[in-house]
Each structure stands twice: as structure tokens, then as C-alpha cells.
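Below is one structure, written out as C-alpha cells, with a few remarks after it.
Naming convention: chains lettered A, B, ... in sequence-line order (proteins, then strands); numbering from 1 in each chain.
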Number of protein chains: 2
Amino acid sequence: MIDTPSSIPRGHGQTVPSGGGAVSRDRSAHGKPRTRPVAKDPHGAKSSRTRERILDAAAHVLSRKGYAGTRLGDIADQAQLQAPAIYYYFRSREELIEEVMWTGAQRVRQHVGQALDALPAETAPMDRICAAVEAHLRIELELSDFATALIRNSGQVPEDLRTRQLAEEAEYGKLWRDLFRDLDDAGELRPELDLRIAHMLVVGALNWAAEWWNPRRGSFETVVRTAQSLVRHGLSGRSHLAEPPRPGVIHGQRHPARRTP
Amino acid sequence: MIDTPSSIPRGHGQTVPSGGGAVSRDRSAHGKPRTRPVAKDPHGAKSSRTRERILDAAAHVLSRKGYAGTRLGDIADQAQLQAPAIYYYFRSREELIEEVMWTGAQRVRQHVGQALDALPAETAPMDRICAAVEAHLRIELELSDFATALIRNSGQVPEDLRTRQLAEEAEYGKLWRDLFRDLDDAGELRPELDLRIAHMLVVGALNWAAEWWNPRRGSFETVVRTAQSLVRHGLSGRSHLAEPPRPGVIHGQRHPARRTP
DNA sequence: GTCTATATTTGGATAGAC
DNA sequence: GTCTATCCAAATATAGAC
């Protein structure tokens, strides 16, 4: 995992759009007004890599111990400092964890989004889905503790944090929803499948991989290949032989095909 | 969920093989020798439904809050008693939680196992898999908080509890492994699929359903139908048209077909 | 059997030295 | 910026009354 700390902070690959590293999106309602600076990378750029170290450490612990099991002490150990130092950068445990989750959501969405944008415009809907499958697996299994922290904890986080998180995750949900809709619009989705449920089952299979996969279970490439094949043949109404488009759909196009908006 | 307490304890349907209700399998190494009786249903049969209430409550809380987030106070609330009363039936929080997880593993395995045993002996491998898909989804989504408690927490439980759990879960893994092997032996698994990875992806899609499904997402029957279709077409090398068995396999049978052992 | 104290431990958070 | 010392609020677990 490139963003796994293990002592060497390496100015992690995919950065959050909001730039810098001191994210702390100014959400209006967030407890009391901040009394302390919450050091947003005080001296322009390089100064405090510590904040990143703490975030990396928190992602690491969170993805393994779960929300309630994540202790500031464990994070501090992992980041090689004492627990109170965390409070120089974050106002509370909640705020730190929330930023980890938010970063996870950003990275997943950005990684998969970029993979899709890199495809030629004429790429078939099913091929786009396969590209998304690979990108999702890669950010989840190879690249980011933030991604696994998000995936494994979005169901266990307390109510308020959860609702704030929903907007961000909805964006990613929409990305997949569009992929599935395009497939359906092209008449390539087997008719007995429920669009939204198939969507959730597919993404679920990918998400669950975080629970079991490690390199000893088979190479990452094998996982990708198997997942793609499973999804492709599982969804396709064409049964990967030339079959006539399914009846009732005129030329497989119910809405105008919408590429990247 | 039939075993969801919600005040009315109703002598839940699927009971654990070990019978009774006071399970407490006498594992040799389990901390100190018990100093207190740990009331194994003191008066033969009916006496203490309380123990069941506590277990149901614990399953409920555990499946929602996660291992570290499960408080004895919450369990007590749910079971309609005070927290210290729990210690009359269980020696510690950890022992209670472990019994919940163990019960979950038992019920899932038993439920799916029985569904398979009920099939005619000549049932095709793919049809057996589809039956297992339905049974797994049903115990997970409709029947048991114990099942979801197990599914959502087996990755977050502390080391020692986890290792003790593994034996039980391995049994269930074997059940699925056999299903997939039979399919492969019959030459019906598409050759580009990795057997074990496909297995994990399929079960993962089902497990993850606990994270998102509720009746508003579509009827349970729709979930089952979609999952079965996805799995059937995702795995099948026959592409659900009559296709010759894949090359290199003599009549689709590498090992003797083994039904229920 | 179940309750009301209460002892004990843990972990989040603050104060203030350096 | 980061530490040590400390406060405080839970939460597990026990004692002992009823």
C-alpha cells in the first residue's frame, strides 16, 4: 500500500482536490468554534509532515480495528509520537477519523473516476464497468488504507458522522449507477436482473475483498481478471456470443447515451 | 428477523445443534477456571429465558455497533435488565460476544447445510450453488442477527477470539469450496476464473448485502433472484446455451462426483 | 436472579513545562 | 511542536442487599 506509513511518509500519490494536505473542509456546523489554530500546514508547504503521518497512522489503525476500536494511543504509536501531540493538529478524535474517512472517499472516487476518464470515448459500457472494477480493486487492495478505512467503517460510524459522509459517498454511488445505466440503456444488461441490486452486489463483491484478500490468496491480477470475468458474464445479456439485442428495446438505447458529463 | 428480540423473546426458530440454549461449549483453555456456576439453564428446560434474551440482545447490538462499540449497557437495555445481571449468565463481555459469534457461525452453516441436504441427489452443481445463495441470503438478511453479527465482526474481533473462531468458520468455507469444486469438476466453471477467488467474490457479494439491504431497496425475492442470476451466468462456462464442455476436460469429471459425504 | 452501590481500568482531552 | 502530568467520563466487573 503506497499510503501505508511504516515510518516513511512519502507525500502520498493521490492527493485530495482541495489541495495542500491540511484539508479540514470548513463545514459550518462542527461542534464549537475552533479555539486553537488547528495548524493548517503552518509554513506554506514542507513544514509539518507530521499531520500526514498522523492521518496515515489513523487510516492504518481504523482500517484494522474499526471505528470504536481505534485508540488515539494506537494512532500515536503508529505515527511515532505521543497521543497529546495529535491535538495540535486535530481538535478531537472524531475530527481526525472523519478526515480519514473523507479522504478515503475522495481517493476512491478520484482514482476510479480518472481510470474511466482515461478510456477512449467510444469504449463500450461493459468495458467501462470492467475498468471501474479494476480501479476500485486497486485503490482498495493495493493503494490505500484510507480506502479500506472508509469501506470497512462506513457502516459502524456514529449517526452524525455518517450523515455528513453520505453526500461524498453518494457521488461515488452515482458514478457506478451511471455505468450500470449505460449498460442497461445499451440493452446489454440481462433483463431478469434488477439494475440497482445487481449494482450493489457487484460493488459489494469488490468491497468485501478487503476482508479476505492478501497476496497469498492469489496475485492481484488474478483477482482483477476473475472479478471482471464474473461481472462481465454475470451482467451481460449478450452471453458473450453474438445474440440479438433483447426484445422490447429499440436498438439498445432508451435514453441518449451520456458520456462523461 | 425472527431472532431479533424487540421485547418479545419467542424461542427462536433455528436452534444450535448442541441443543438446549445454554451452549457454553467447554473449550479447555478459556482464561481461568470458572468460579461461578454460569447458570446453564438451572432448572432443566424453561427456567431462564433471560439467558436467551441477553444473547439475542447482544447479537442485535453487536451486528450494529461492531465489536469494540458493543457496550454491556446497550445489551442490558435491549434485554430489559441491568448490566450486572449479565454476569449471572456470562463470565465476561468477551465470553458473551464469543458465544454470539459462535452461534452465528452455527446457524449459518446449519441453515445453508440443511437447504442443500433438502435438494434431490441428482441436482446439478450450479443449481446447488443457487440454493446455497438463497439460503445464505435468507439467514443473513431475514432470519438472524447472529449471522450479521458474525459476518460484520469476524474481521474486527481480537486475535485470540478470532483464532478460536476459525475452526468453526472453516467448516462453512469447506461447504462452499465443495460446491465450487463440484461445479469445476463438472466442467461448468468458465476456465478463466480462478476457483478460489471466484468463490470468495461470490460469498463476498452475499456478505456485503448485510451492509446495504433493507426492504426499501427491493424485495428479498428480487435480491435472491438477481444474485442467483449474477452468480449462475458469472460462473457458468456453458453460457446457458448448450455449449460443448470445455476442451481439456474429459466429460467434465476430473474427480468422482462427491455428494454429501 | 436481579438490583444498587462501588471499585478499577481505560482512554479521550487539557494544562503547562520545555 | 511535542512532551509529562493530570483530569474526567465512560465502561467492565465485583460486592452485597433484597
Side-chain angles (χ1 to χ4, degrees), chain A residues 9 21-22 30-32 34-55 57-58 61-62 65-100 158 161, chain B residues 9 21-22 30-32 34-55 57-58 61-62 65-100 158 161:
Chain A
H30 199 311
K32 312 103 197 178
R34 53 176 58 126
T35 56
R36 223 191 293 181
V38 187
K40 295 184 160 216
D41 220 351
H43 305 16
K46 55 175 173 291
S47 155
S48 173
R49 302 276 277 292
T50 311
R51 191 173 194 279
E52 297 298 318
R53 263 202 353 263
I54 295 171
L55 275 169
V61 176
L62 189 60
K65 300 285 191 65
Y67 175 78
T70 294
R71 314 265 170 251
L72 289 181
D74 296 338
I75 296 172
D77 287 349
Q78 184 75 23
Q80 299 181 90
L81 39 69
Q82 298 300 311
I86 293 172
Y87 287 91
Y88 182 79
Y89 300 97
F90 302 91
R91 292 196 305 145
S92 67
R93 171 181 179 277
E94 264 236 342
E95 187 175 295
L96 167 55
I97 288 179
E98 183 161 358
E99 186 163 327
V100 170
L161 203 163
Chain B
H30 199 308
K32 314 102 197 178
R34 54 175 58 125
T35 56
R36 222 193 293 183
V38 187
K40 294 184 161 214
D41 220 352
H43 305 17
K46 55 174 171 291
S47 154
S48 174
R49 301 274 279 293
T50 311
R51 192 173 193 279
E52 297 298 317
R53 263 201 354 259
I54 294 171
L55 275 169
V61 176
L62 189 61
K65 299 285 190 64
Y67 175 78
T70 294
R71 312 270 171 246
L72 290 181
D74 297 338
I75 295 172
D77 287 349
Q78 185 74 22
Q80 300 181 90
L81 39 69
Q82 298 302 310
I86 293 171
Y87 287 90
Y88 183 79
Y89 299 96
F90 302 90
R91 291 197 305 145
S92 67
R93 168 182 181 276
E94 174 136 323
E95 186 176 296
L96 167 55
I97 288 178
E98 183 161 358
E99 186 164 326
V100 170
L161 203 164

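Of all heavy-atom pairs spanning A:Y67 and A:R93, the tightest one is O-NH2, 2.6 Å.
Counting only heavy atoms from C-beta on, B:L81 has its side chain closest to C:dC3 among D:dA13, C:dC3, C:dA13. Listed nucleotides C:dG12, D:dT12, D:dT2 differ in distance to A:R71; the shortest reach to its side chain belongs to C:dG12. Checking D:dC3, C:dG12, D:dA15 against the side-chain heavy atoms of B:P84 singles out D:dA15 as nearest.
As a whole-Å value, the separation of B:R53 CZ from C:dG1 C1' is 11 Å. Here D:dT14 presents its C1' atom at 9 Å from OH of B:Y87, a figure rounded to the nearest Å. Straight-line distance from the CD atom of B:E95 to the P atom of D:dA13: 10 Å, rounded to whole Å. The CZ atom of A:F90 sits 14 Å away from the P atom of D:dG1 (whole-angstrom rounding). Between A:I75 atom CD1 and C:dG11 atom P the separation is 12 Å, expressed in whole Å. One atom, OH of A:Y89, and another, C1' of C:dA13, lie 18 Å apart when rounded to the nearest Å. Atom pair A:I86:CD1 and D:dC3:P shows a separation of 10 Å (rounding to whole Å applied). Computed from coordinates, the A:R93 CZ to C:dT14 P distance equals 14 Å when rounded to whole Å.
B:Y88 has no side-chain polar atom (N or O) that falls below the 4.0 Å cut-off from OP1 or OP2 of C:dT2. Using a 4.0 Å cut-off, some side-chain N or O of A:T50 falls inside it from OP1 or OP2 of D:dT2.
Rounding to the nearest 0.5 Å places OH of B:Y89 at 3.5 Å from OG1 of B:T50. Here the OG1 atom belonging to B:T70 is positioned 4.5 Å from the CG atom belonging to B:L62, to the nearest 0.5 angstrom.
The backbone N or O of B:Y88 sits nowhere less than 3.5 Å from a side-chain atom of B:R91 that would complete a donor-acceptor pair.
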